[in-house]
Structure formats: C-alpha cells, structure tokens
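Notes follow the structure.
Read the numbers this way: they start at 1 and go in the same order the structure lists the ligands and their atoms.
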Amino acid sequence: MNGDDFREWSKRAAEWGADYRASLRDLPVRAQTEPGEIAAQLPVSPPETAEAMEAIFADFETIIMPGMTHWQHPRFFAYFPANAAPVSVIAEYLVSAMAAQCMLWQTSPAATELETRILDWLRQALGLPQGFSGVIQDSASSATLAAVLTMRERSLGWQGNEAGLSGQPALRIYCSGEVHTSIDRAIWVAGIGQANLVKIGVTGKHRAMDIAALEAAIENDISAGMKPAGIIACVGGTGVGGTDDVAAVCAVARKHDLYVHVDAAWAGSAMICPEYRELWAGIENANSVVFNPHKWLGAQFDCAAHFIREPEDLVRTLAIRPAYLQTHGKDGIINYSEWSVPLGRRFRALKLWFLIRAHGLEGLRMMIRNHVAWARKLAARLRAEPDFEITSEPMLSLFSFRYLGKGVRDVEALNQQLVKAINDDGRIYVTQTILDGVYVIRFQIGQFEVNEADIDLAFEVICEIARNL
Ligand SMILES: *Cc1c(COP(=O)(O)O)cnc(C)c1O
C-alpha cells in the first residue's frame, strides 16, 4: 500500500467508523449467526498474489460484519461493558498509526511519562491516597497474575523464580467464591495450584467473604505447616457484584503479614464518584488494586489500571535486565516492562488522556450516576410486575432477575428460553448466571451511549418476550 492509498483508505475507514456508530441502534446487538457460518465464507488457503483493497474492504462488510456482536451498541446489557468512547477510538487510531513499542522509557519516552502522569490522575480521580503508583496492564487478568507472583515471591523470600516451588511448603491464597476466573488462572499459572486457592464462604447482602472463616482458615493452614501468602478481595464480582469488606480483609492480612490484592475490574470505574467509595472502604491498606478503564469508563479495550503500593516488590518479582535491554539515562527512569509479565507493551495512556480531557471527570461521573439510577429504576419496575422476581438487588448498575410465569414448574427452563428468545430478538442483549444454584438473568447498564429511553425499551422487550413464550 503506497502513501496515497494509505491516506485514502484511512479516510474511508474513518467514514465507515462514523457511519457504523450512527447505525448501531438499528442493528441486532448479538450476532445472529450460526457456528461455522462465517468460516464457511472464508477461503481455506491464503492468496499468493495481491488483492485489491476494494475487494478486501467489500468482504469485510459482507462476510465479517454480519458475524459481529456489537459491544458499542447502546442496548448491550450483557457481561460487563467494553466501552470505547469515540474520543478514545481517535486516540487509538493515532497510536496504531505510530505503532510504537513502549517497553522501555527510551523506546517511547512520551508514552512512559504520560502513563505515569495519567495513572496519577486516575489515582486522584478514584480517591486513592498518594503512595500508590500506577501502571497500565493489558488486562485485569495480567494485573492479578502479577499480584499473585508478587505474593509468591514475597512469601518465599524472593527465591521462587530462582529455585522453583518444589520442596517449598504449600503456599495458600484466600478469596471468596464470588471472584472472577482470572483469579483461579493466576493461581494455576503461578504454580501454586488450585488446591491452594482457599475459597471462603460469603455472608450478607454484599456477598462478602466471611471474615471469621477467613481468619480460621489462615490459622488452620499455619498450624498444618502451610504458608499463607496473600488474600484477593473482590469489589464488584462478575456474577452479581459480590463485594468484600476490604478494611476487614486488610486487618486480617496485617495480622499475618499477607499481601492483599483487590480486583475491582468493573466496579473500580464507579469510584470516580465519591458516594460509591464506601464500597471499597479500607482500600488505602491494600497492597495493590486493579480496575479496567476499558470496561465502564470508556477507554477503548485494552486498558487495565493497576495500582501498587510497593512497586519495588513487583519489579523485584518481574524485572529481568539483560544487557541489551538496559537503558542508559537519567536516574529514576521507569521501564514499565519491568512491571508486567509481557515485555512488549502498546501505548495505552493516550486514549485515557484524550478521554479524561474530552469528557472531564464530571462528564464521566454523570454517565456512571445515570447508569446506577436507571438500573435501580428498572429493577423497581420489574419487581412491581407480578410474574417477575428480583434475585439480586442492584450493586451499582448490575442486578439479576428471573421470570416466574404463571403456574410454571420448570422455572429454570423458562428462563433459559427467555434469555435465548431475547437475544435472538436482537433489540437488547443479556446473559445469565447461577446464583446459589438458581439460574438467573443478569442485567447491567454501562454502555457509553445508552440513554433512559433504551432502558424503557429494555423493560418493554423483556415483558413482551417473556409473556409471549
Ligand atoms: C472483567 C473482569 C475480570 C477480567 O478482566 P480482563 O481485563 O478481561 O482480564 C476480572 N475480574 C472482574 C471482577 C471482572 O469483572
């Protein structure tokens, strides 16, 4: 592709993007394809000779687009959102044009220095105290893996990387049963083993770890000759928003010198609003916390903000300094690749900088407050219907419900049918979860451009489809 073509096709891509965003409300949210339908339209072998961009672009529109689920659709109420505010898309376009690799300060000084400053903006925005340093990871899963590796090394006197785990006492890590599967996987990858991830039961309306049970588990493990290494607290669990008492967890941790990592991947964005911070009261005592600005805040995927109180511990765990990676510069420069498992890293701070400046914290707070208010309103409307049941109260903008029907015996089958019918209809998109053994429908409001009329439409769609089953 020559320079003129690059210019021309970049403009066409931008036009396409603007048209796409403008048309979203008319598209079904979830892709309406059967498995294999897209693959069947793709040649099995690569072309030997160059093809024209016109043909490539046409195939993108006719083959690929019908197989996309539209995450930027205003009526995407499934999972958690992966918002890409238009301004963050523009920043990503610039980043992709430069395609810089930002592993060391010297490989992109501006990327490093902007990252340091913007993560400190975010720290202030969340109300985290000074003393937390931030780094952008590719995902919350990577941040949690880095935290678990730090727990491992810290508890083994920094010998695990060198000596391996054989011959060591079993390392024990504690969390509730509400945590995301990324916690389990971090434990596997760190070599600690699923059997040593101790899942503590939950209590209360927030589905928080039972603190007495946590203490008892730690003490039992110590008496059994095992080695407690850390606790992972959850603020806004994936299922129904389960939230631990961070202050109480940190108090237990302090008694036993354990590392505390807080997974607030989704709910963390809401902490830009001071009135929600009671949900993670005590956060200043945690060793690290992760949240995903790519979920609720609007920074295009991927972007996970990882705050660490003692970055030296993380660097001690992850830094490898072969000669060819050493930079000779002024003292105190940061090489963020030493803060994460992957070496290479994209320039992710630019989209946050654009986003925060273009919307201001007040604009982002207003969005989040609206979503929370609308979730409460929708839950109240469904509760008022005789044939619906609210199965978990709104935690921020997430709640769950189920349809009871009239005289229906198999309520689970009814709700499975309802989820399928809603998603086949396409006007809204929802997913399910299992809550205390019961199949329930999850509903979260978090899309960047959703408005109150979309929520009213969601209510109508749910009632209409349920009653026509
Ligand atoms: C989404 C989510 C994760 C995983 O985030 P990734 O960035 O996809 O790794 C982890 N924990 C919670 C609570 C989440 O909501």
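- Assignment of Ala304 to the shell around ligand 1 is not supported, since no heavy atom sits closer than 4.0 Å.
- Only the side chain of Asn292 comes within 4.0 Å of ligand 1, counting heavy atoms alone; its backbone N, CA, C and O stay farther away.
- For atom 4 (C) of ligand 1, the nearest non-hydrogen atom of the protein is His180 CE1, 3.4 Å.
- Of all atoms in ligand 1, listed by their number and element, those nearer than 4.0 Å to a heavy atom of Ser182 are 10 (C).
- In this view, Val95 and Glu92, Arg346, Phe347, Leu350 satisfy the side-chain contact (heavy atoms from CB on, under 4.5 Å) rule, not counting sequence neighbours.
- By the 4.5 Å heavy-atom criterion applied to side chains, Tyr79 and Thr238 are not counted as neighbours.
- Without hydrogens or angle criteria, Thr317 side chain to Glu153 main chain gives no donor-acceptor distance under 3.5 Å.
- Both the backbone and the side chain of Ala140 come within 4.0 Å of ligand 1, judged by heavy-atom distances.
- In this structure, Arg154 is not positioned above the aromatic face of Tyr259 in the sense of NZ or CZ being under 6.0 Å from the six-membered ring centre and within 45° of the axis.
- With Phe399 as the aromatic partner, Arg376 does not meet the cation-pi criteria of under 6.0 angstrom to the ring centre and within 45 degrees of the ring axis.
- Numbered from 1 in the order shown, with element, the atoms of ligand 1 that lie under 4.0 Å from a heavy atom of Thr238 read 12 (C), 13 (C), 14 (C), 15 (O).
- Between Asp302 atom CG and Ser141 atom OG the span is 11.0 Å, to the nearest 0.5 Å.
- Against a heavy-atom cut-off of under 4.0 Å, His294 is close to the following atoms of ligand 1: 7 (O).
- For atom 13 (C) of ligand 1, the closest non-hydrogen atom of the protein is Asp263 OD2, 3.5 Å.
- Heavy-atom contacts of Gly236 reach the following atoms of ligand 1: 13 (C) (cutoff under 4.0 Å).
- Counting only heavy atoms of the protein, atom 9 (O) of ligand 1 lies nearest to Ser141 OG, 2.5 Å.
- Here the heavy atom of the protein found nearest to atom 2 (C) of ligand 1 is Lys295 NZ, 2.3 Å.
- Annotation for ligand 1: atoms under 4.0 Å from non-hydrogen atoms of Phe80 are 15 (O).
- The main-chain N or O of Ile192 is found under 3.5 Å from a side-chain atom of Asn196 such that the two form a donor-acceptor pair.
- From His180, atom NE2 reaches atom CD1 of Ile232 across 12.5 Å, with rounding to the nearest 0.5 Å.
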